[in-house]
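Notes follow the structure.
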Amino acid sequence: MTQIKQGDTVRIHYTGTLLDGKTFDSSEGRDPLEFTVGSGQIIPGLDQAMPGMEAGEKKRVEVPCAEAYGPLNPEARQAIPREGIPDDIPLELGTQLQMQSPDGRVIPVTVVEVEEATVTLDANHPLAGQDLIFDIEVVSIN
């Protein structure tokens, strides 16, 4: 059988869970995830687990946070004055918003603290700081 190697385009079904067993993402009920191995299209820890696998093979991959979305970066949290936020923007905890950087990039942020004078926004990926577990099945190799 053909084994996956760097540069191969693969399709996998997967279920991603946290250490407490909570599922954060899954391809169940959707088309398999397609990506090129070694291209940086997926998190490094999962990408590195692919070479050597064969079509039809199943595997559990434990990915430490450093090889997933990285550790929490305290500098990615910023308190901004409330008056700088338009009145029509919802400010409930957990609300996902988008900001624009000075160079025009869109940055997704989450409202993590709301006080009378300030709102704290967090630009860390929601899974930053988390070790992840993926149950994967290789559907095809091209």
Side-chain angles (χ1 to χ4, degrees), residues 1-82 84-101 103-142:
M1 275 209 105
T2 303
Q3 291 188 338
I4 296 173
K5 62 188 179 312
Q6 294 286 325
D8 284 345
T9 298
V10 298
R11 292 169 39 108
I12 65 169
H13 274 300
Y14 67 93
T15 297
T17 56
L18 302 176
L19 295 181
D20 66 5
K22 179 181 175 195
T23 298
F24 63 84
D25 194 13
S26 176
S27 64
E28 187 174 331
R30 302 189 318 224
D31 288 337
L33 174 66
E34 181 176 297
F35 60 94
T36 301
V37 176
S39 68
Q41 294 173 303
I42 62 171
I43 61 172
L46 189 54
D47 206 10
Q48 294 162 9
M50 300 308 302
M53 291 188 72
E54 299 176 348
E57 187 176 346
K58 295 180 180 183
K59 183 194 268 190
R60 175 168 276 207
V61 180
E62 295 183 16
V63 181
C65 77
E67 295 175 15
Y69 296 98
L72 283 171
N73 177 0
E75 294 177 12
R77 290 175 74 118
Q78 183 176 4
I80 59 171
R82 265 187 106 136
I85 301 174
D87 291 337
D88 63 331
I89 302 293
L91 296 178
E92 288 80 37
L93 292 179
T95 300
Q96 303 264 327
L97 303 172
Q98 291 184 344
M99 297 182 68
Q100 194 165 359
S101 68
D103 65 0
R105 289 182 303 122
V106 173
I107 302 169
V109 297
T110 303
V111 176
V112 293
E113 192 173 325
V114 179
E115 296 184 353
E116 191 171 319
T118 62
V119 174
T120 302
L121 302 175
D122 188 344
N124 281 294
H125 187 281
L127 294 172
Q130 301 271 356
D131 294 334
L132 308 176
I133 299 169
F134 289 91
D135 289 301
I136 60 175
E137 178 181 1
V138 178
V139 176
S140 66
I141 306 167
N142 293 324

Provide the closest heavy-atom pair for Glu57 versus Gly52 in the form atom of the first, atom of the second, distance. OE1-O, 4.2 Å
Only pairs under 3.5 Å count here: list side-chain donor-acceptor contacts from residues 107-123, not counting sequence neighbours, and write none if there are none.
from	atom 1	to	atom 2	distance (Å)
Thr110	OG1	Gln96	NE2	3.2
Asp122	OD1	Asn124	N	2.7
Asp122	OD1	Asn124	ND2	2.8

Partners meeting ring pair (Phe, Tyr, Trp, His ring centres under 6.0 Å) with His125 (sequence neighbours left out): Tyr69
For Pro32 and His13 the tightest heavy-atom approach is CG-NE2, 3.6 Å
Between CD1 of Ile43 and CD of Gln48, what distance do you get to the nearest 0.5 Å? 9.5 Å
Pairs where residues 17-26 contributes a residue and the test salt bridge (Lys or Arg N to Asp or Glu O under 4.0 Å) is met, not counting sequence neighbours: Asp25-Arg30
Rounded to the nearest 0.5 Å, what's the gap from CE on Met53 to CD1 on Ile4? Could you check? 6.0 Å
So, for Ile141 and Ala55, which heavy atoms are closest and what is the spacing to 0.1 Å? CD1-N, 3.6 Å
To the nearest 0.5 Å, tell me how far Arg77 CZ sits from Leu72 CG. 8.0 Å
Side-chain touch Phe134/Thr17, heavy atoms, less than 4.5 angstrom: no
Which residues pass the side-chain hydrogen bond (donor to acceptor under 3.5 Å, both in side chains) test with Lys5, sequence neighbours left out? Asp8
Go through Leu127 and Leu18 one step at a time and tell me if the side chain to side chain contact (heavy atoms under 4.5 Å, CB included) criterion holds. CA-CA 9 Å; Leu127 294 172; Leu18 302 176; 4.0 Å; yes
Taking C-beta and beyond as the side chain, do Leu33 and Arg11 meet within less than 4.5 Å on heavy atoms? no
Can you tell if the side chain of Pro51 reaches within under 4.5 Å of the side chain of Gln6, non-hydrogen atoms only? yes
Would you give the length of the straight line joining atom CD1 of Ile136 to atom CD1 of Ile12, rounded to the nearest 0.5 angstrom? 5.0 Å
Gap separating the CD1 atom of Ile89 from the CG atom of Asp87, nearest 0.5 angstrom: 9.5 Å
Show the atom names and distances, to 0.1 Å, of all donor-acceptor pairs under 3.5 Å that link a side chain in residues 59-67 to residues at least two apart or in another chain.
from	atom 1	to	atom 2	distance (Å)
Lys59	NZ	Ala49	O	2.8
Arg60	NE	Asp135	OD1	2.8
Arg60	NH2	Asp135	OD1	3.4
Arg60	NH2	Asp135	OD2	2.9

With Phe35, which residues qualify under ring pair (Phe, Tyr, Trp, His ring centres under 6.0 Å), at least two apart? none
Rounded to the nearest 0.5 angstrom, the CD1-CG distance for Ile133 and Leu46 is 12.5 Å
Just by distance, do the side chain of Ser101 and the backbone of Arg105 share a donor-acceptor pair under 3.5 Å? yes
